[in-house]
Asker: 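Okay, here's the structure, questions in a sec.
Proteins come first, then strands; the chains are lettered A, B, ... in the order of their sequence lines, and each starts at number 1. On a predicted model such as this, the values are computed, not experimentally measured, just so you know.
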Protein chains: 2
Amino acid sequence: MTEVQSVKKKKGTLTKEKIIKTARNLFYKKGYDATTTAIIAKEAGVSEATLYKYFKSKMTLLLSTVEPECIPFMENKNYQLLTNQELLSVWTNELIDKVFYNRPQYSIIFNESTKHPELSEQYIANIYSMSNADLELVNRMDKGDLPKIDLILFQVGIIGSFLAMITHMQIYDPTIKLEKVPPNIRNTLICLIEGKFFV
Amino acid sequence: MTEVQSVKKKKGTLTKEKIIKTARNLFYKKGYDATTTAIIAKEAGVSEATLYKYFKSKMTLLLSTVEPECIPFMENKNYQLLTNQELLSVWTNELIDKVFYNRPQYSIIFNESTKHPELSEQYIANIYSMSNADLELVNRMDKGDLPKIDLILFQVGIIGSFLAMITHMQIYDPTIKLEKVPPNIRNTLICLIEGKFFV
DNA sequence: GTCTATAAATGGATAGAC
DNA sequence: GTCTATCCATTTATAGAC
């Protein structure tokens with residue numbers, strides 16, 4: 001399938017995607033301000049002039065790297081059939097997975113939005129996009145089946161918590177390769193959210 | 001008391017402190033890489049040459065801004081007398097307050113450590129410094145009175161969560177003045193940690 | 001569509017006067 | 001202890017050839 005796609009795609013499109021992908025990883029690892037257009041171009045295998053053919057500024061490129069292309073990741077389960085406990089558990093795990101597989105985007109948005117207000121719109125678009133599980137949660141809160149809380153702030157807290165834990169591991173072992181959510185992080189986070197520590 | 005102190009202090013010391021304070025706020029608000037030594041000097045009311053008399057490089061200044069001068073903030077309660085519930089509640093609130101009143105330092109360390117490994121040492125020194133409440137928690141975990149968890153990772157999660165919530169508010173209202181922990185953040189975070197949502 | 005070459009501005013850092 | 005003036009490397013961004 002990727003074969004078919006890449007045959008269809010024009011050279012220019014591929015170059016553009018390569019630049020975005022390269023820039024995203026660099027912004028994620030070193031931050032926007034510390035990443036030069038020179039190094040992006042070099043690692044993407046193009047010249048700086050080419051980069052500026054596709055993006056009229058470095059900021060435009062930044063915005064492209066956080067576009068929600070990979071953000072939607074939701075299953076279409078029958079959330080209505082779940083118990084409160086089950087729903088919350090599913091919701092938490094879906095959130096963790098979504099953030100994990102898009103952690104460069106989330107990390108960039110969370111880290112750079114205060115510094116570069118141009119990103120705020122993308123931040124809001126991401127944070128306020130509702131999954132089906134979200135909607136069902138809100139539904140039950142409205143009906144009184146679940147305690148009413150600020151779900152957005154709650155979610156922000158979980159994402160911040162998760163990203164901090166990932167960062168923590170990376171500070172300890174900068175060479176670590178994260179192919180899936182590290183089990184100890186998932187456990188500690190679930191433990192945190194479910195209040196398991198509060199016996 | 002500040003009067004007495006300022007009389008005692010030499011001019012140079014005051015200048016140095018002014019530079020650190022100014023730099024800390026700028027690093028916090030705009031990030032290390034986006035903050036120039038020119039703007040630090042200007043806002044501190046000195047020339048760049050003066051700044052470089054006190055700090056041999058911009059990185060040295062960064063390290064000074066996160067030094068734990070304000071970090072210790074702990075009470076000396078009789079933690080042994082508290083019930084598990086009370087201890088956890090006290091521990092959580094102390095952590096929140098500590099992070100809040102030193103949020104520039106925490107924020108800088110959390111945001112810049114991956115990008116600038118020179119900071120890792122400070123990161124570790126901060127994260128691994130144990131308060132009395134920490135020690136009592138570990139104690140009870142060892143005795144089996146509380147479930148055993150990775151307390152460090154747990155703490156990292158809470159700090160990340162808290163900083164993300166603060167950032168979230170600031171993205172919404174960049175003019176906001178935070179004089180104390182916003183009640184909705186404290187509530188949501190407590191609600192998160194105590195698993196109140198998991199009925 | 002991509003490159004080489006370069007403009008224009010800004011960055012961190014220092015020498016030397018007062 | 002502090003400043004003015006300046007150095008040199010690096011940065012974003014572009015013009016014009018292929």
Asker: Over all heavy atoms of both residues, which pair between B:K30 and A:D33 is shortest? Give the atoms and the distance, please.
Answerer: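 Of all heavy-atom pairs spanning B:K30 and A:D33, the closest is O-OD2, 4.4 Å.
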Asker: Figure out the CZ/P separation between B:F27 and C:dG12, and round it to whole Å.
Answerer: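 Result: 9 Å.
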Asker: Give the rounded distance in Å between these two atoms: OH of A:Y54 and P of D:dT14.
Answerer: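 Taking OH of A:Y54 and P of D:dT14, I get 17 Å after rounding.
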Asker: Which of the following nucleotides, C:dT14, C:dT4, D:dG1, is nearest to the side chain of B:Y52?
Answerer: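 Of all the options, the side chain of B:Y52 is nearest to C:dT14.
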Asker: Give me the ring orientation class for B:Y123 and B:F110: parallel if the planes are under 30° apart, tilted from 30 to 60°, perpendicular past 60°.
Answerer: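 Rings of B:Y123 and B:F110: perpendicular, as their planes differ by over 60°.
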Asker: Check every atom of D:dA13, C:dC3, C:dG1 against the side chain of A:E48 and return the nucleotide holding the closest atom.
Answerer: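 Comparing D:dA13, C:dC3, C:dG1 against the side chain of A:E48, the answer is D:dA13.
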Asker: Would you kindly give the CG-to-P distance between B:D33 and D:dT10, to the nearest whole Å?
Answerer: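 Going from CG in B:D33 over to P in D:dT10 covers 16 Å.
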Asker: Please report, rounded to the nearest Å, how far the C1' atom of C:dT4 is from the NZ atom of A:K42.
Answerer: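 Value for this atom pair: 17 Å.
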Asker: Side chain of A:K58, heavy atoms from C-beta onward: which of C:dT2, D:dT2, D:dT12 has the nearest atom to it?
Answerer: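 It is D:dT12.
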Asker: In terms of side-chain heavy atoms of B:A49, which of C:dT2, C:dA15, D:dT14 is nearest?
Answerer: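 Of the options given, the side chain of B:A49 lies nearest C:dA15.
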Asker: Would you mind telling me which residue lines up with the more 5' stretch of DNA chain C, B:K53 or B:M59, judged by nearest nucleotide?
Answerer: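 It is B:M59, whose closest nucleotide lies nearer the 5' terminus.
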Asker: Quick one: do the B:T37 and B:E48 side chains pair a donor with an acceptor below 3.5 Å?
Answerer: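 Their side chains do contain a donor-acceptor pair, which is all the 3.5 Å distance test asks for.
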Asker: Under 4.0 Å between any heavy atoms, over every strand shown, what does B:T13 touch: base, sugar-phosphate, or nothing? Just pick one.
Answerer: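 No contact.
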Asker: With a cut-off of less than 4.0 Å, is there a side-chain N or O of A:T50 near OP1 or OP2 of C:dG1?
Answerer: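 Checking C:dG1 against A:T50, no side-chain N or O comes under 4.0 Å of OP1 or OP2.
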Asker: Could you tell me how far apart B:K18 (NZ) and D:dG1 (C1') are, to the nearest whole angstrom?
Answerer: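 Between C1' of D:dG1 and NZ of B:K18: 16 Å.
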Asker: For the side chain of A:T37, counting heavy atoms from C-beta on, which of C:dG12, D:dT12, D:dA15 is nearest?
Answerer: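 From the listed options, D:dT12 comes nearest.
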Asker: Rounded to the Å, how far apart are A:I19 CD1 and C:dC3 P?
Answerer: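 Those two atoms, CD1 and P, are 9 Å apart.
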Asker: Please check if A:I158 and A:Y128 belong to a single hydrophobic cluster, counting links between Ile, Leu, Val, Met, Phe, Trp and Tyr side chain heavy atoms closer than 4.5 Å.
Answerer: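 Yes, A:I158 connects to A:Y128 through the hydrophobic network.
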Asker: Mind checking A:F55 for me? I need base, sugar-phosphate or nothing, with any heavy atom below 4.0 Å counting as a touch.
Answerer: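 It contacts nothing in the nucleic acid.
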Asker: Is the positively charged end of B:K58 above the ring of B:Y32, judged by distance under 6.0 angstrom from the centroid and angle within 45° of the axis?
Answerer: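 The answer is yes; both the distance and angle limits are met.
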Asker: Using a cut-off of less than 4.0 Å, is there contact between a side-chain N or O of B:T15 and OP1 or OP2 of D:dT2?
Answerer: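 Result: yes.
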Asker: Closest to the A:T36 side chain: C:dG12, C:dC3, D:dT12?
Answerer: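 Ranking C:dG12, C:dC3, D:dT12 by closest atom to the A:T36 side chain puts D:dT12 first.
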